[in-house]
Amino acid sequence: MLMHQQNMLQDMTRTGTYHAAITENRADFEGKTVMDVGAGSAILSLFSAQAGAAKVYAVEASGMAKYAQILASSNAVGKAIQVCHSKVEELSLPPGTQVDVLVSEPMGTLLVNERMLETYLYARDKFLKPGGKMFPQLGRIHAAAFSDALLHSELLGKAAFWQTPSFFGLDMSRLHQPAVEGYFTQVVVDAFDPSVLVSDCATHVLDFATVSEEELYDINIPLNLTVAHPCTLHGVACWFDVLFNGSSSQRWLSTAPGLPTTHWFQLRCCLQQPLLVLTPNTQLRGSMRLVAHARQSYDVHVELHAPPVAPGMAPQKACGKFDLKEPYYRLTQWAQVWVSDAEAANIARYLNLPLARFLALHCHAYSKVEGFRLLRSNMESETRDCTFLRPDNTCAIHPVRPLQCSTYPWWPELMDEKEWQQEKADICEGFDHPDAPPTDLDAAAQQLRIATMQEYQKRLAYKPSRKQSKKAAAL
């Protein structure tokens, strides 16, 4: 339970944006009554109290409520918080109780997974004063066509086992086709490179202040897309963003590809039958329909139509049904290597590169926080390894590797894991080195903690280039 909350809290893009959205809009919170819907650890309740809220109802149905109470009692601002261990739909407050502000993190994968938005709207209708504020107030689902032959081949390959003609003397091959079809019903959740996108973007807006619960049961998003260049089209890629529309400051929390990765990542519906786009500026027609089901999620129906591949042939059509509840989490745990300014300069000298050139080639532009930069991952690698990790699992800059790497895997955070030794030995060339373990564990751990705690600043301070701004505006 706490591990799940930690995963969300350490998503610094998420947590930092919420903190900024609330504390930068003190006028919306100071002296006001607030309800935190699905409070979890009560972090949003505590942020609301920091912004001056007079009373905060932290409503949490799960056993996390007791931990929320501990956190509220452990912080001075927590005296304004009343933890309510209840479903919002069963919440018992004094008759006529209404609040000035609703805060919540009701977003799941593709915005709507887990169907927490319905609870958010219930709280709006029952407890929010007319004209009250909602944080967030608006959500958008974005969809674009993508081309990714590696992903398509990967899904096909996952079913290869079922082609086995003699598995302990038994023929498994009759189940190969059903297995292929099964893998192509899973939505793929990962962080993909924006370069796989091949079309403009369709957007569906949900205004949480006005949308009805019934409108969330069946969401239809028309896909009228233009593919700029000839390619093989493999499906539809999706992401979402939400708006915190405060009186003093507006903040967007985005899960778009190319921006700092969140714990939501992005989502793709990969079609079993690809479409061929043969001419520039080809028009695609189709739809993505999200139909709620009883397992707190949605079935995603995707249909795309493209022009025929040759005169006289029928137009191309590809469709698929995907279960948002059963995703394929793909490549979500690749390395994040932080380097200090001094380490970056040292590596640049080792590579005989000007520092500015090294930073442009090997560090993310948005990632500078408190003297650290994030090294780029190798997007050609199936596991998105560090850009300096060679195919033979050795380091190309080993003599000048960052402190984070030289002390890995003896970080205190990892040594607490039960199976850390075997797991790290499989991937770390220096695990059995006679000089191991290093002595400066505390320095390495502190560097990582500082980088993690300050990481959200990279999102808040990020200033995209003019080209990136134009692309973002188009989304």
Pairs under 3.5 angstrom only: tabulate donor-acceptor contacts from the side chains of residues 282-290 to other protein residues two or more places apart or in another chain.
unit_1, atom_1, unit_2, atom_2, d
T282, OG1, T279, O, 2.6
T282, OG1, T279, OG1, 3.0
Q283, OE1, T226, OG1, 3.2
Q283, NE2, T226, OG1, 3.1
Q283, NE2, N281, O, 3.3
R289, NE, D218, OD1, 2.9
R289, NE, D218, OD2, 3.2
R289, NH2, D218, OD2, 2.6

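F29 pairs by the ring pair (Phe, Tyr, Trp, His ring centres under 6.0 Å) definition with F135, not counting sequence neighbours. Not counting sequence neighbours, the partners of F161 by the ring pair (Phe, Tyr, Trp, His ring centres under 6.0 Å) test are F167. The side chain to side chain donor-acceptor pair (under 3.5 Å) search around T23 returns none, not counting sequence neighbours. Every side chain to side chain donor-acceptor pair (under 3.5 Å) that S62 has, sequence neighbours left out, goes to E60. Contacts of W264 classified as ring pair (Phe, Tyr, Trp, His ring centres under 6.0 Å), with partners at least two apart in sequence or in another chain: F240. Under the side-chain contact (heavy atoms from CB on, under 4.5 Å) criterion, S248 pairs with N25, A27, not counting sequence neighbours. Under the salt bridge (charged side-chain N to carboxylate O under 4.0 Å, His left out) criterion, R349 pairs with no residue at all, not counting sequence neighbours. By the side chain to side chain donor-acceptor pair (under 3.5 Å) test, S48 pairs with no residue at all, sequence neighbours left out. Residues meeting the side-chain contact (heavy atoms from CB on, under 4.5 Å) test with Q316, sequence neighbours left out: L275, L276, A306, V309. When the side chain to side chain donor-acceptor pair (under 3.5 Å) test is applied to E114, no partner is found at least two apart in sequence or on another chain. Residues passing the side-chain contact (heavy atoms from CB on, under 4.5 Å) test with R357 are L353, P354, L361, sequence neighbours excluded.
For the pair F388 and H362, the minimum side-chain heavy-atom distance is below 4.5 Å. By the 4.5 Å heavy-atom criterion applied to side chains, R295 and D323 are counted as neighbours. The side-chain heavy atoms of V198 and S147, taken from C-beta on, include a pair separated by under 4.5 Å. Residues M8 and E105 are in side-chain contact: their nearest non-hydrogen atoms beyond the backbone lie under 4.5 Å apart. With contacts defined as side-chain heavy-atom distances shorter than 4.5 Å, the pair S173/T164 does not qualify. Between S41 and Y67 there is no side-chain heavy-atom pair separated by less than 4.5 Å. Contact annotation: the side chain of P315 never approaches that of H305 to less than 4.5 Å [non-hydrogen atoms, C-beta and beyond]. Proximity of L156 to K158: side-chain heavy atoms (C-beta onward) are nowhere separated by under 4.5 Å.
Looking only at atom types and distance, the side chain of E154 has a donor-acceptor partner in the side chain of Y328 under 3.5 Å away. Side-chain atoms of D241 and S254 form no donor-acceptor pair, as typed in the model, at a separation below 3.5 Å. With 3.5 Å as the limit, one finds no donor-acceptor pair spanning the side chains of H301 and E303.
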Evaluate the criterion side chain to side chain contact (heavy atoms under 4.5 Å, CB included) for residue pair I219 and H204; output intermediate values, then yes/no.
-> CA-CA 9 Å; I219 300 171; H204 183 80; 3.5 Å; yes
Test M64 against L2 for side chain to side chain contact (heavy atoms under 4.5 Å, CB included), laying out the working first.
-> CA-CA 8 Å; M64 266 304 300; L2 284 174; 4.0 Å; yes
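Under a 3.5 Å cut-off, the side chain of D11 and the backbone N or O of R14 do form a donor-acceptor pair. Although no hydrogens or angles enter the test, the distance criterion places no donor-acceptor pair under 3.5 Å between the side chain of E181 and the main chain of P178.
Look at K325 and D299 and you find no salt bridge, because none of the NZ, NE, NH1 or NH2 atoms lies under 4.0 Å from a carboxylate O.
Counting heavy-atom neighbours within 6.0 Å of N352 CG, excluding the residue itself, gives a total of 12 or less. Surrounding NE2 of H263 are more than 12 heavy atoms belonging to other residues, nucleotides or ligands, all under 6.0 Å away.
When all heavy atoms of S104 and D36 are compared, the pair lying nearest together is CA-OD1, 4.3 Å.
Here H152 and F146 keep their ring centres 6.0 angstrom or further from each other. Ring pair Y18/F244: centre-to-centre distance below 6.0 Å.
Both the sub-6.0 Å distance and the 45° axial angle are not jointly satisfied by R140 relative to the ring of W239.
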